Amino acid sequence: MNIILRILVTAFLVIVIAHFMPGVTVASFTTSIIVAIVLALLNLFIKPILVLLTLPVTILTLGLFLLVINALIILLCTKIVGGFAVDGILTALFFSIILSILQSVMFSLTGGNK
């Protein structure tokens with residue numbers, strides 16, 4: 001049940017961020033649910049591989065390269081999910097930062113971290 005709550009919260013946040021942030025479009029709430037599921041799967045399977053492959057750069061930049069990896073995951077999600085679009089790497093970077101912060105706040109408010 002916890003995973004369903006996390007997916008719904010992420011889908012809600014994706015639609016809210018897309019509404020306020022120029023350069024990010026989401027067709028519908030159903031699309032945002034699909035985006036949340038695809039992001040969860042990409043973060044589960046692809047992100048660890050990217051982190052491992054870019055470990056020297058990540059260490060050299062004191063972990064800031066992880067923000068670039070998050071932006072690349074967002075851009076990969078736009079290629080997979082139709083109806084979800086992000087204009088560029090900089091927009092994806094800001095989108096991923098805002099999404100991460102809001103997810104942290106929402107999960108702490110809903111008790112999703114327990």
Side-chain angles (χ1 to χ4, degrees):
M1 190 57 110
N2 192 16
I3 189 77
I4 295 172
L5 178 65
R6 291 178 80 86
I7 295 292
L8 289 176
V9 167
T10 302
F12 172 73
L13 291 175
V14 166
I15 213 103
V16 167
I17 295 169
H19 180 71
F20 289 109
M21 187 173 184
V24 179
T25 56
V26 178
S28 65
F29 187 71
T30 306
T31 305
S32 69
I33 291 174
I34 295 169
V35 167
I37 292 169
V38 169
L39 279 176
L41 291 173
L42 288 173
N43 284 330
L44 184 65
F45 294 113
I46 303 298
K47 188 175 179 180
I49 296 168
L50 287 176
V51 169
L52 188 63
L53 290 175
T54 61
L55 194 59
V57 177
T58 303
I59 291 171
L60 189 65
T61 62
L62 302 175
L64 289 177
F65 194 73
L66 291 174
L67 296 173
V68 175
I69 292 174
N70 285 341
L72 292 175
I73 294 290
I74 297 291
L75 289 176
L76 184 59
C77 185
T78 62
K79 301 295 183 191
I80 295 172
V81 179
F84 176 60
V86 177
D87 282 347
I89 186 84
L90 198 58
T91 306
L93 181 70
F94 289 136
F95 179 81
S96 69
I97 291 170
I98 293 169
L99 183 63
S100 296
I101 292 170
L102 290 178
Q103 278 179 331
S104 178
V105 169
M106 290 298 289
F107 293 149
S108 66
L109 289 177
T110 60
N113 290 334
K114 294 180 182 175

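Model, not experiment: these values are computed from the prediction.
- Partner of Thr31 under the side chain to side chain contact (heavy atoms under 4.5 Å, CB included) criterion, chosen from Val81, Val14, Thr25, Ile15: Val81.
- Placement of Leu52 and Val68 in two distinct hydrophobic clusters is found when ILVMFWY residues are connected by side-chain heavy-atom separations under 4.5 Å, directly or transitively.
- A continuous path of hydrophobic side-chain contacts links Ile101 to Leu66 [ILVMFWY only; heavy atoms under 4.5 Å].
- Using a 4.5 Å cut-off on side-chain heavy atoms (C-beta onward), Phe65 and Ile59 make no contact.
- Two residues are said to be in side-chain contact when any heavy atoms from C-beta on lie closer than 4.5 Å; Thr10 and Gln103 meet this criterion.
- Looking at heavy atoms from C-beta onward, Ile97 lies in side-chain contact with Leu67 at the 4.5 angstrom threshold.
- Both Met106 and Leu5 are assigned to one and the same hydrophobic cluster, defined by single-linkage of ILVMFWY side chains at heavy-atom distances under 4.5 Å.
- The minimum heavy-atom distance linking Ala92 with Ile74 is given by the pair CB-CG2, 4.0 Å.
- In this structure, the side chains of Ser96 and Ile73 stay at 4.5 Å or more apart for every pair of heavy atoms.
- Rounded to the nearest 0.5 angstrom, Ile69 CD1 and Thr54 OG1 are separated by 3.0 Å.
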**Request:** Just do the side chain to side chain contact (heavy atoms under 4.5 Å, CB included) check on Leu39 and Leu99 with the steps written out, would you?
**Result:** CA-CA 11 Å; Leu39 279 176; Leu99 183 63; 4.0 Å; yes
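- Linking ILVMFWY residues whenever their side-chain heavy atoms come closer than 4.5 Å, directly or via other members, leaves Leu62 and Leu53 in distinct clusters.
- For Pro22 against Thr91, the heavy-atom pair with the smallest separation is O-CG2, 3.9 Å.
- Rounded to the nearest 0.5 Å, atoms CZ (Phe107) and CG (Leu13) are 7.0 Å apart.
- Heavy atoms only, all atoms of each residue included: Ala11 and Ala36 are closest at N-CB, 3.8 Å.
- With rounding to the nearest 0.5 Å, the separation of CG in Asn70 from CG in Leu50 is 10.0 Å.
- Not a single donor-acceptor pair under 3.5 Å links the side chain of Ser104 to the backbone N or O of Ser100.
- Atom CG of residue Leu75 and atom CD1 of residue Ile89 lie 4.5 Å apart, to the nearest 0.5 angstrom.
- Heavy atoms only, all atoms of each residue included: Phe95 and Met21 are closest at N-CE, 3.5 Å.
- Contact record, Ile17 with Ile98: CD1-CG2, 3.7 Å, taken as the closest heavy-atom pair.
- Residue Phe20 is grouped with residue Val86 when hydrophobic side chains (ILVMFWY) are merged at heavy-atom distances under 4.5 angstrom, including chains of intermediate members.
- The side-chain heavy atoms of Leu42 and Ile80, taken from C-beta on, include a pair separated by under 4.5 Å.
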